[in-house]
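Numbers here are sequence positions counted from 1.
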Amino acid sequence: MTTLADPVPGGRPKDVGRARAQAKDLSTKGVHGVVLAYVDTAGICRVKTIPVSRLASASAWGVGMSPVFDTFLADDSIVSTDVLGSPDGDLRLYPDLDQVVALSAQPGWAWAPVDRITQEGARHPACSRTFLRRIVADAALRHRIEFKAAIEVEWVVGQATAPDDTFVPGVTGPAYSATRQVELSDYTLELLTALAAQGVEVYQIHPEYAAGQFEISVGALDPVAAADRSVLVRQTIRAVSRRHGLRASFSPAVLAEGVGNGGHIHLSAWRDGVNLHSGGDRRYGMTAEAESFVAGLLAHLPALTAVTAPSPASHLRLRPSQWAGVFAAWGRETRETAVRVITGMTGRQSQEANLEVKPVDLAANPYLALGCLIAAGLDGLESAAPLPEEISGDPARLAAEEAATRGVHRLPTSLEASVEEFRRDEVLRAALEPVLADAVIAVRQGETAAAAELDDELVAAAYRWKY
């Protein structure tokens, strides 16, 4: 399925003229280069950069890059599938002109996410951004449903002067404390200023639980734009951190013990401007379709973790009683369940009601994660799947017999186990289609092999500065 947003050789109507105008405007603002960014299967943001004068050419004919990166691992080694991982071939990177933005924290640079097509003009089957757009378009066509999404960004700041294999927090105050906010007041202020200049709507920025940890929450957008925004926010955090003598880690587990960095996804389904998670006659105002959407998420969560928690470091974070959501269960405002139903403040439910999916971290490719979550939820909606009873409190405290009776089970405890669940999940693999599904499996198996001989401390160190 193609959409009107898919790039075409020679450029879509008016694209080239628009790109010329954008390049001229950027040049008057002192911009000389454009970062063309996409996220690979391993969750690493890969880029090509061009002079701003080449933006019009890129919008017409793309910029070349090898398809081999679809099977890169986080350590830059390469695995392969039957069609990916060889040195052959070329792809064209096409910037999305709707998302071009001058980078406030990197003066002289602009940024744009890209879609990837083949030299023959066909969509690249392993392009995760194109995949997500296809899933969203299909939901609108078949169900008249649109989605709003936002991705929380948690990161830890370390001292940039520390050796690569160590971590020294860049701030010392307690969790959520005024002390920590004051210590890095100038840093977080520059982040707010930079993000505002880039058009990013920030809801909150605050110290988090772990040593040196912060979180930014941003406004909801359509899923593709939400994934773009997540990549842009992290680009900005990295740049501002360096300007302050700090280093940002988005790894799921900066250290082997303690609370890691999450990338919780907020998601809501809408039809004709009406939020399906509010105003209905089911639990907490959900409609029947919203309940079945949650049921679909729960049913596919074991396999989803291969996409939402895709790193060996992810499983250092996915531990009980740490608000990581490691049990396939749901609850209203229950932060230990994998799916938290948020009803919103009185008077704001119709705007604010949404789902928070918690076993997600920032090693995940956000386009793959959002696309697979939507596919899983729609599978439940299409089958009118019943939603089990909710859970309150910490599911880890349930006796084994009670947990089994209530349908509460632990999500996979290793990346290898997640991959086996993914292999068995026909819905997710069909949504991704064979080339991309096989790439997910191959890259996860490669990461598993790369970390096979490492203890927890070495796993944390190996992935600390990768994401």
Review point. Would a distance-only check, ignoring hydrogens and angles, find a side-chain to backbone donor-acceptor pair under 3.5 Å from Arg340 to Lys358?
Key: no

Check your understanding: Between Tyr467 and Tyr463, how do the two ring planes meet: parallel, tilted or perpendicular, split at 30° and 60°?
Key -> parallel

Review point. How far does CG of Leu355 sit from NE2 of His264, to the nearest 0.5 angstrom?
Key: 14.0 Å

Practice item. Decide if atom CH2 of Trp465 counts as having more than 12 heavy atoms of other residues, nucleotides or ligands within a radius under 6.0 Å. Key: yes

Practice item. For the residue pair Ser241 and Tyr187, confirm or rule out a side-chain donor-acceptor distance under 3.5 Å. Key: yes

Exercise for review: Kindly indicate, with the supporting measurements, whether the criterion side-chain contact (heavy atoms from CB on, under 4.5 Å) is fulfilled by Val357 and Leu297.
Suggested key: CA-CA 9 Å; Val357 184; Leu297 290 176; 4.3 Å; yes

Check your understanding: Taking 4.0 angstrom as the limit, do Arg335 and Glu356 come out as a salt bridge?
Key -> no

Check your understanding: Would Arg123 and Asp115 pass as an ion pair if we require N to O under 4.0 Å?
Key -> no

Check your understanding: Would you call His300 and Val427 a side-chain contact if the rule is heavy atoms closer than 4.5 Å?
Key -> yes

Review point. Is there a side-chain contact between Val39 and Pro113, using heavy atoms and a 4.5 Å cut-off?
Key: no

Practice item. Before giving the answer on side-chain contact (heavy atoms from CB on, under 4.5 Å), spell out for Thr41 and Asn365 the whole-Å C-alpha distance, their side-chain angles and the decisive distance to 0.1 Å. Key: CA-CA 6 Å; Thr41 316; Asn365 177 316; 6.0 Å; no

Exercise for review: Would you mind reporting whether Asp70 and His124 have side-chain heavy atoms less than 4.5 Å apart?
Suggested key: yes

Review point. Take atom CD in Gln445; do more than 12 heavy atoms of anything else shown fall under 6.0 Å from it?
Key: yes

Review point. So how far is it from Leu192 CG to Thr236 OG1, rounded to the nearest 0.5 Å?
Key: 11.5 Å

Review point. Checking side-chain contact (heavy atoms from CB on, under 4.5 Å) for the pair Phe327/Thr337: CA distance, chi angles, key distance, verdict?
Key: CA-CA 6 Å; Phe327 291 92; Thr337 56; over 6 Å; no

Exercise for review: Please determine if Asp76 and Arg46 form a salt bridge, counting it only when a charged side-chain N lies under 4.0 Å from a carboxylate O.
Suggested key: yes

Practice item. Evaluate the side-chain contact (heavy atoms from CB on, under 4.5 Å) criterion for residues Ile342 and His266: first the C-alpha distance (whole Å), next the side-chain angles of each, then the deciding distance (0.1 Å), finally the verdict. Key: CA-CA 9 Å; Ile342 299 171; His266 291 260; 3.5 Å; yes

Check your understanding: Would you call Arg271-Glu146 a salt bridge at under 4.0 Å N-O?
Key -> no

Check your understanding: Any side-chain heavy-atom pair from Glu416 and His315 closer than 4.5 angstrom?
Key -> no

Exercise for review: Answer yes or no: does atom CZ of Arg397 have more than 12 heavy-atom neighbours from other residues, nucleotides or ligands under 6.0 Å?
Suggested key: no

Practice item. Flag the pair Pro302 / His409 as yes when at least one side-chain heavy-atom distance between them is below 4.5 Å, and no otherwise. Key: yes

Review point. Is it the case that Arg116 places NZ or CZ above or below the six-membered ring of Tyr94, under 6.0 angstrom from the centre and within 45 degrees of the axis?
Key: no

Exercise for review: Establish, from distance only, whether the side-chain atoms of His143 and Glu382 form a donor-acceptor pair under 3.5 Å.
Suggested key: yes

Revision key, fill the gap. Between the CG atom in Asp90 and the OG1 atom in Thr118, the distance rounded to the nearest 0.5 Å is 10.0 Å

Review point. Would you call Leu255 and Arg464 a side-chain contact if the rule is heavy atoms closer than 4.5 Å?
Key: yes

Practice item. Please tell me if the side chains of Val307 and Phe422 come closer than 4.5 Å, counting only heavy atoms from C-beta onward. Key: yes

Revision key, fill the gap. Per side-chain hydrogen bond (donor to acceptor under 3.5 Å, both in side chains), Tyr176 is matched among Glu208, His206, Glu215, Gln213 by Glu208

Exercise for review: Ignoring hydrogens and angles, state whether a donor on the side chain of Ser314 or Asp361 is under 3.5 Å from an acceptor on the partner side chain.
Suggested key: yes

Check your understanding: Can any side-chain N or O of Ser80 pair as donor or acceptor with the backbone N or O of Leu84 at less than 3.5 Å?
Key -> no

Point to revise | Verdict with reasoning, Glu257 to Arg319, per salt bridge (Lys or Arg N to Asp or Glu O under 4.0 Å) | key: CA-CA 10 Å; Glu257 298 294 332; Arg319 290 169 172 163; 3.7 Å; yes

Check your understanding: Is the gap between the ring centers of Phe293 and Phe147 under 6.0 Å?
Key -> yes

Review point. Out of curiosity, Ser249 OG to Arg238 CZ, how far, rounded to the nearest 0.5 Å?
Key: 9.5 Å

Check your understanding: Are Asp394 and Ser321 linked by a side-chain donor-acceptor pair shorter than 3.5 Å?
Key -> yes

Exercise for review: Quick one: closest heavy-atom pair of Gly393 and Thr334, and the distance?
Suggested key: O-CG2, 3.5 Å

Review point. What distance do Asp281 atom CG and Thr287 atom OG1 have between them, rounded to the nearest 0.5 Å?
Key: 8.5 Å

Review point. Got a salt bridge between Arg423 and Asp425, using NZ or NE/NH1/NH2 to carboxylate O under 4.0 Å?
Key: no

Review point. Under 4.0 Å between a Lys/Arg side-chain N and an Asp/Glu carboxylate O for Glu291 and Arg283?
Key: yes

Review point. Going by atom types only, do Arg234 and Ser230 share a side-chain donor-acceptor pair under 3.5 Å?
Key: yes

Check your understanding: Under 4.0 Å between a Lys/Arg side-chain N and an Asp/Glu carboxylate O for Lys148 and Asp222?
Key -> no

Review point. Taking side chain as C-beta onward, heavy atoms only, is Asp96 less than 4.5 Å from Arg129?
Key: yes

Practice item. Rounded to the nearest 0.5 Å, what's the gap from CD on Glu433 to CZ on Phe131? Could you check? Key: 9.0 Å

Review point. Taking NZ, NE, NH1 and NH2 as the nitrogens, is one of them in Arg332 or Glu390 under 4.0 Å from a carboxylate oxygen of the other?
Key: no

